[in-house]
Each structure stands twice: as C-alpha cells, then as structure tokens.
Amino acid sequence: MYIYADNAATTKPSQTAIDAMVSCLKEVYGNPSSLHSAGQKAAEVLFQARVDVAQAIGADFNEIYFTSGGSEADNQAIRSAALTGARRGKKHLVSTKIEHHAVLHTLDKLENEGFEVTLLEVGPDGIVKVEDVEKAIRPDTALVTIMYANNEIGTIQPITEIAALCREKKVVFHTDAVQAVGHLPINVHDQQIDMLSLSGHKFHGPRGVGALYVRKGIPLRNLIEGGAQERGKRAGTENLPAIVGMAAALKEAVANMEENSKTVTALRDRLIKGLSHIDHSRLNGDPVKRLPGNVNFVFEGIEGESLLLLLDDKGIAASSGSACTSGSLDPSHVLLSIGLPHEVAHGSLRLSLDESMTEEEIDYIVNAVPEVVAYLRDISPVWEDLVKGDKDYVIQ
Amino acid sequence: MYIYADNAATTKPSQTAIDAMVSCLKEVYGNPSSLHSAGQKAAEVLFQARVDVAQAIGADFNEIYFTSGGSEADNQAIRSAALTGARRGKKHLVSTKIEHHAVLHTLDKLENEGFEVTLLEVGPDGIVKVEDVEKAIRPDTALVTIMYANNEIGTIQPITEIAALCREKKVVFHTDAVQAVGHLPINVHDQQIDMLSLSGHKFHGPRGVGALYVRKGIPLRNLIEGGAQERGKRAGTENLPAIVGMAAALKEAVANMEENSKTVTALRDRLIKGLSHIDHSRLNGDPVKRLPGNVNFVFEGIEGESLLLLLDDKGIAASSGSACTSGSLDPSHVLLSIGLPHEVAHGSLRLSLDESMTEEEIDYIVNAVPEVVAYLRDISPVWEDLVKGDKDYVIQ
Amino acid sequence: MLYSEKVMDHFRNPRNLGKMEDASGIGEVGNAKCGDIMKLYLKIDDQGVITDVKFNTFGCGSAIASTSMATEMIKGKTVQEALELSNKAVVEALDGLPSHKLHCSVLAEEAVKAAVKDFYDRNGIPYDEKTLAASDMAEHAHDESGLL
Amino acid sequence: MLYSEKVMDHFRNPRNLGKMEDASGIGEVGNAKCGDIMKLYLKIDDQGVITDVKFNTFGCGSAIASTSMATEMIKGKTVQEALELSNKAVVEALDGLPSHKLHCSVLAEEAVKAAVKDFYDRNGIPYDEKTLAASDMAEHAHDESGLL
Ligand SMILES: Cc1ncc(COP(=O)(O)O)c(C=O)c1O
Ligand SMILES: Cc1ncc(COP(=O)(O)O)c(C=O)c1O
C-alpha cells in the first residue's frame, strides 16, 4: 500500500488530463503560430483551452495568459505591476509573511531594486486581517498581492474583501491562487480580482504549465521576451499538450468541485480528529477556513524529516515544514509566522488529501502517525527534557 | 496526403518521447523536491534526464538548467550575463541582426535599460564574419551572443571560432542553439561555449521545455524567482514529463545524427535542385553551411502567405518569412539582413524537412511549388509589371 | 482558424479574377514593400452602371479575398453605389477578418475608389475628393512574431 | 535518492540507541532551534576503552544516522582513538551525505568530543582544548526551498 498524501506538493495527473495530453502530442503537433492546417488546428485547440480555463475562474478568454507554472505567473504579475506602478511614482508593495517563495523572493528582488515592501503579519490562525491590509495601503502603493490559500497550513484568506478594498482604493490586486484553483469556487470578475496565478499540477493537471489571469485594462509586462505568443506578453512556443491537459483537468475539477470538496473535507476532518489524540500536538491554521484537503500538525519534541521518512517506510507520502527538508536551518517561514517557536516548528507534518482517498487510508494514517511520533519522542533528548520537567512544553 | 515540411517551427514528438512522457505522467508523479519515495523516485528520473541532456552536448550534469523552452533560456542567459557584466562596469553586448526575437527583444529591453548593443551585419550568405565579431569586442563587452544556426535560412555560424575568440578575449559567449541541437554535432566543452540554449520541440521532443547550459564558473542569475529548483537558479516545480521526453528525444537524435543528417541533407539538396528551376527565384542562405533540413527560397512577384495557404491546400505544410504571416508590414528581419529588398522578401518560402520524409514527398513538393508560383504570378500586378518591363527584376 | 470559410472560399476561388483589355477605369493601390498591391478594372456603361469588374492582387490570403469580395459587391451597381462600399462592409461580407488583416479590406475599398477616380479623370467628370477618400483606416499593427 | 542505503539503514535501524544510567561521560550538542540535538553516553573502563555507547537524537534522518554511525565507530576504541574520529570519516562510513546535511556529521563528531570532555571533567583529567575542537565545520547552507 502506498498512500499519497502530498497533493499540496503536486497531484497525480488524472486520466482525463493524460488522455488530453497524449491525443495532443500525437495529433495536434502543429505550431499554433503556423498558417498551415496543422498549425491552425493547434491554434483552435489552444483557443478552446483558453476558453475553458477562463470559464473555470469566471474570466474572459483574452484575460488568460498561459505560463510555465505558478512561479512564473507570480513573478510576471508582481514584477509587471511593480514596474507599471513605478512609472507612476508608486513604489510600494503590500503582501503577507506567509506567501509562497515565488512571491516573497520576487518581492525581495524588487526591494533590492528600490521598491518598498510591507509584509503583513497573520494571526495565530494563519489569516491576514483585512483592516491590516487597509492600514498598509498608501497613496504610493502599486500592488497588493495576497495568496488565496496557503500551501502549508491551508488557510483561506479573505480575498473577496481584500479585492473589494483594493478596487475601492484603486490599487492593483493580485492573488497567488495556486492552491485554491480547482478546489475552491472562484469568480475573478465577481470577486473583483485584478490578477490571479494558477498552476496545472495542483488540480490533477500536468506540471510545467500555469496561467496568469489579468483583468482587461490592467497593463501586463513581459517576463520572457521574444515571439508574439500570448498576445505578445509571453514568448515561447506554446506548451500545447500541457495546456490542454491543464484545461481538461481544471474543467473536471470545477465540475466535480462540490462533490470532491464534501468528500475531501470529511476525510480531512476525520484525520484531524484522529491526530488530535496525540498529546502535545496542535493543528496549524484555522480549523474551518482551510483548504478541504489540508491537514497540518505540529508534534512537540520531534523533528519533521525523520517523521516523514518513517511514515514513508509505512507507505505514507507526506511533507513537513521542517528546515531539514529544505537544507535550511530555519523551519518554514509560515509556521514561524503563526507564532510557533523554532524548536516546535521543526516538528510539523503536512498531509494533503484528495478525493481518491478512502476512510480506510485515513484510518491507517491515524494509526501510523502516533506510533512514529511515539518512537521519535522516545529517542529524542528534547522530549526527555520535557518529560523530566527540565523544560516546559510549548504545546500543552 | 499531408507533408509536414515545417520542422523548423516545431517537430512531431517521436514515439520514444511520447512513451517516456506517458510513463512519467503515470508512474513518476512525485515532486522531485519531496522526501518521500514518490518524490525521490522523481528526483532520480530528473537526475538521469539531466545527465542525458548534458552528455548530448558534452556538458556536465550540473551545468544544465532546465527551462520552459528556448525563449526562456535565451532571456535568462542574456539578462544574466548582462547584469553580471554591469556589476563590473561592462555594459556592452554584441550580437547579430539575424538572431531570433527571443534574443533581439531581450537585447532591445536591455538597451532601454542602459546597455549598449552592437548588432553585427551578416553577409548575403547569412553568415557573420569572425573578424567582425573581433572588431566589435571592446574592453566593456559583457557578452557576445550569436545563434548556432538560423531558424529561417538555416545558415550555420562559425561558432567554434567565435567561441575561441571570446575565450581569448575573456568575454562570455552565449549561443542560441535551438535549431542546431540534435541536428549538428555539438560539444560545449571542446568548443569553449560558455552558455547555450536549447529547446525540446525542435528535435522531436515536447514543447514547453528547454535547457540552458552554463559553464561551471559563469555566474547565473534567476529570471524566475521562488523555490530552490535547478540549484536555486530557476524556480517552479520541474516539468518532469516534458524533461524526460526531451531527454529521450535528444538521446535518440544524437544517436542517429550521422544517419539522419545524411538522409535529410540528400532530401534537402534534391528539393533545392528541384526548386531552382523556377525562374526569378533564389535560394536564401549559404548552400553548404546550412542545416540539413532547411530550404528557403524567394520567388519574385508573389507574396508568401498566399503561397503557403495554396500549398497547404495541396497538402504541404510550409512557412514563410512574409510579413503577412505575422501581422507586421515588414517582412522577416533575416531576409532583409541578407540584402533582399522588401518587395522580394515578401515572396519567401521555408520548407524544413526531417528524416521521416521520402523522395516521393520531395518530388511532390518540387511539382507543386512551381504550379502555385505560376498561378500567383499570373494574378499578380507586380509580376505583370516585371514581365511588361515596367519594372526590373531583382532576381535575374 | 485564421480565416473564416468565406475568406478561404474567396481566396481559393476568387470571383472576377483577371485583367481587362478595354476597361473604363483602372485603380491600383498598395505597394509591394508592404506586401499588398491590388489592381482593379471596371467596365462602366452609359448609365454609370458597373457591368464588369476584374482584378489582380499581389498579397496575402485576405488581400486576395477582400478584392474578390469587393468586386462581387460592386458588380452591377452604379458608380455612386460603388463609392459607398466601405471596408467594414467588405469585412462583414467576409464574415470577419483577423484584426491585423483589416488593412486588406481598406485597400480593397481604396482600389474601388481609385478605379472610379480613374474613370472620372478619363472622362473629365468632376468629383468631390472627399467621396473618394477611404472610409476608415485600419491600424497597421506592428506585431513581429516572425518565423518560429 | 536523497540518502545512501547506508544512511537509510542507520536511520531505520540505529545502532546503540538508548539511554545509559551509569555513563562515564555524557555529551549533548546542537540545539532544538536548528533542528538537531544529539545526546551521547559513553561507558569507559579503567584502560580508557569505550566499552559501551548509547545515543538519543532529535533531528533529521542524517542526524540520527550520523550519531548511530559514530557510536559504532568508537565502540571498543580507546578514548584517544575516539577523539580522532572526524566528521569526514563519519560521512565516508555512511557512503556520503548530501552537502546541506554535512553539518549532521559535524554534530556527531562534536557529540563524541563533548562526551569525552565530560568524562575528563568528571575525573579531573587534564586535556588540551584543541584536541576537543571539531575537525571541520560544514557550511550552513541557507537554501530555503520551503514547502512546495
Ligand atoms: C533560433 C531559435 N531560438 C529560440 C526559439 C524559441 O524557442 P521556444 O519556442 O522553445 O521558446 C526558436 C524557436 O521557436 C528558435 O528557432
Ligand atoms: C501557493 C503556491 N504558489 C506558487 C507555487 C508555484 O507553482 P509552480 O511550482 O507550478 O511554479 C506553489 C507550488 O509549488 C504554491 O503552492
């Protein structure tokens, strides 16, 4: 048995997505920019995929720019809005401390280039306050960029309220919705979102493809220069097989969203309940305002990587915000942002579920995790100190 | 019958590439950055693909950075070398007038940002002179970037000599080898190339994936910021199915290069010979120093798009450097650079062959093209003027 | 598809293709540098009715189709009616053109007007320059995608 | 694979795991903030031979494996020999570690030295600080890939 509970990292491509890709690879080999019929057939397929992706998020087809993934979409959106703002003397950018590195590192770079960046704190629940966003916006704010849902702790941000606020204040609003699209209902027009990033491989589509939605009227600058693809805004021969795979997966995800969401939320809550029995542990992130598939716990006294590896030996694929998984010494910036001290943040575990999972699998995880945690605590000098009372528990 | 003679635009993915991709899509679904076994299996597959791509061009595996294609590789290489140069006070860039737009537009942008760009002329044969490169290099030259082989007229540039010159002058040398890799023997170490761009879909691999080779010791800056993929130099979840598809296609292309090259060159020369019978026409580019699969003709008195569309009706997929194919009014910058006047440059036809083609197909093209050219001349007021002697032929 | 079926039909089977020996007026517009030249021949009877039209075109698919469509639209009409032909009408009759090809329809309109002007000039008929001006000017998009 | 088979073997089946009631010397190194703590217990006989070793570790796979390997390498050796254990030797015995995990092997070496130091201190045995300094310092790569 192998239980894949790392769907926030990447999902298995669905059969629908694979079939769409294979038929494209075999039959739609033309370049959409070519005038001959092989090329024009490809152009039609590309157009249909654009329409499908647009519909899935309530956008118009000509507001969709295909990219190589979520990171590129984030980079282009933020850099574009920043440079456009700078032309008008606006060099202030607002975001949060819990963004993905694709956002944070782009902001870092812009800071080095002379922009001023305000990174908002989130509460212990992992949610940013709308009034904090309001307070942060200044006359020279060029962009507010706040993720739709967090990739580590799954918390859903008050995007509709923030977008409305930005619209009112006439500030461009971008959201990294990589973890949300295909999982939460989104309508960019109704929600007044100006720019939105999505990535194919987070909803059972392929990797290496994503999209940036840019509302009509919002200027977009190139990150990649060259040919006139994507209406001149993103050069490079279109990754058609991946684009149609993504469109097919997204269509499917949106069609089944309600049902999937119910299934996955039930599994999630069963898992959360099961793991809550472990003493000196805590669920990270808001219990309700969270992605249907996200479970993130912290267990005092142990370190995440060994937990992962031992769970993997038991056939469970999971993930951790421990620093050791990444080669850094600092644990995840998200866990630190919600107030976990370093030593505790090292002991985190993320289990991200999907609709293919069963209650049996959840119960298997619920049995396996406490065993591994108990073993690791048993060999942990940190736990020894806690038990002996030489140190105080952080998590009661 | 449908003869696909537009392989310079994009190639059909080979069965080998498709098989590699499908098996990866189905079985290697993990994220290479994940620590569990699904992730580590993906990391191994990624590593092997890196080794394969490196070997195909004589590089070390840790000199290969996977990108979303040739355009991104070009953008990153040039921007990175320019910014690195600027830090040392070097703000001069050297290239040619016949580069791909991924190079030219990146250079344009850098020019707007304060760099100085020298674009070298090429001769009527479409080849840049090594001594012109030598003359252009200054103490403040940060980069020389010259394409390996031209995408329109197929001319092969004296890359080995130029690279040696740059090494001697201690200037970073990049080559856009998108049209060359998989078709011409390349060894980046022997040839002293510092940076090289390649793209999967030009050698029967998938679209949306490419690679940038960067010699050890040459600094590389990010174009896309975020996660630590590609040793921190290119963020974004790796497009593993496309990467393994590209590696498989490239391995195959290199293994069969000698044989394919012989076959394709023979087909090319048969086609060139056949089309040379059309009066007032000319082969563009050097007849010998050209890509095995490239045929590019210009026919006086007609316009390329109608030629293309009528050939397509006859089951031949080709391409043109005519402006009308792109929506611009100016015909291809490459055709203008080799000295064709505007009016003649509109009448160009590119046929790009591959090893799957047969002599029968070539002969079919050799029959079809003169028919279509004759019809279009017959309805062309320009041709009427030429025949009447009201205007002089540009091509005798 | 780049082009509508109507465009492809007129491109593949141009109506009124050819030259005319005894034309009442000939208009030639465009230039080879830009890649489009249209030459339009009109035969006009005593009543000012266009009894025959012919054309030759150097240019892309939509240039050929636009001229073909324009000839069909003015054949049998009076010169006055022909002067009312707008590029918009040509585009509509063709079921649309890609935006970067709109200039072809403008050229077709201009070709008709140029031929009528030639007819007026040959016959010393006075005319108002304004009625011979193009109704619309398509933007010349400079979008260089180039070869791939 | 992230880790060699040797590392995974020592991680899955750590040698000399546990606590020791009557240790001759105990070393604890690392800190929870950085995610690694190793606690090493030595039993040393009159001849200065390490007759038993135990360890507990809070840390990642390579931290556990490195401590396990270090205990195996010093068990039965003299204290002098144990002091000669370098992190490099641990890495080699493990068939290598990823570069960003080298600090784990350094900690393992330090844990041995700390335990010997404790033994010296308890017994009032004089020593040269230098022999108790770590042989090498791995760079602490700050490579934040974070969660995906
Ligand atoms: C010479 C050359 N450079 C760069 C590119 C861009 O490659 P890609 O379309 O994979 O981005 C192409 C082809 O499109 C090319 O022919
Ligand atoms: C919230 C978030 N943003 C951006 C990304 C980057 O997406 P990609 O890996 O497709 O570039 C990810 C996932 O990797 C993510 O979870």
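Quick note on labels: first sequence line is chain A, next is B, and so on, each numbered from 1.
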**Q** Report, as yes or no, whether the 6.0 Å neighbourhood of atom CD on Gln396(A) holds more than 12 heavy atoms from other residues, nucleotides or ligands.
**A**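 Enclosed: over 12 neighbouring heavy atoms sit under 6.0 Å from CD of Gln396(A).
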
**Q** Name the region of Asn150(A), side chain, backbone, both or neither, that has any atom closer than 4.5 Å to a heavy atom of chain D.
**A**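 Nothing of Asn150(A), per the 4.5 Å heavy-atom cut-off to chain D.
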
**Q** With a 4.5 Å cut-off on heavy-atom pairs, point out which of Gly301(A), Gly347(A), Pro341(A) contacts chain D the most.
**A**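 Sorted descending by pairs with chain D, the first entry is Gly301(A).
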
**Q** Supply the atom-to-atom distance Thr57(D) OG1 to Leu376(A) CG, rounded to the nearest 0.5 angstrom.
**A**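 Answer for the OG1-CG pair, Thr57(D) versus Leu376(A), is 11.0 Å.
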
**Q** Which atoms of Leu310(A) are under 4.5 Å from chain D, going by heavy atoms: the side chain, the backbone, both sets, or neither?
**A**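 Both backbone and side chain.
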
**Q** I'd like to know which of Ser62(D), Ala32(D), Ala63(D) tops the heavy-atom pair count under 4.5 Å against chain A.
**A**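 Ranked by heavy-atom pairs under 4.5 Å with chain A, first place is Ala32(D).
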
**Q** Hey, which residues of residues 44-55 of chain D are touching chain A, say heavy atoms under 4.5 Å apart?
**A**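 Counting heavy atoms that sit under 4.5 Å from chain A, no residue of residues 44-55 of chain D is involved.
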
**Q** So, for Cys60(D) and Ser306(A), which heavy atoms are closest and what is the spacing to 0.1 Å?
**A**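 Between these two residues, the closest heavy atoms are CA-OG, 3.8 Å.
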
**Q** How about residues 11-25 of chain D versus chain A: which residues have heavy atoms under 4.5 Å apart?
**A**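 Residues of residues 11-25 of chain D touching chain A at under 4.5 Å: Phe11(D), Arg12(D), Pro14(D), Leu17(D), Lys19(D).
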
**Q** Spell out, as yes or no, whether a donor-acceptor pair under 3.5 Å connects the side chain of His346(A) to the backbone of Lys33(D).
**A**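 Answer holds: yes.
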
**Q** What part of Ile64(D) gets closer than 4.5 Å to chain A, counting heavy atoms only: side chain, backbone, both or neither?
**A**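 Looking at Ile64(D), just its side chain touches chain A.
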
**Q** Can you see which heavy atom on Leu309(A) is nearest to which on Gly61(D), and at what distance?
**A**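 Closest approach of Leu309(A) to Gly61(D), heavy atoms only: CD1-CA, 4.1 Å.
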
**Q** Let me confirm one number: the CE-CG distance from Met8(D) to Asp313(A), rounded to the nearest 0.5 Å.
**A**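 Between Met8(D) CE and Asp313(A) CG, I get 5.0 Å after rounding to 0.5 Å.
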
**Q** Once rounded to the nearest 0.5 Å, what's the spacing between atom CD of Glu303(A) and atom CD1 of Ile37(D)?
**A**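 Those atoms lie 11.5 Å apart.
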
**Q** To the nearest 0.5 angstrom, please state how far the NZ atom of Lys101(D) sits from the CD atom of Glu305(A).
**A**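 If I round to the nearest 0.5 Å, the distance is 3.5 Å.
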
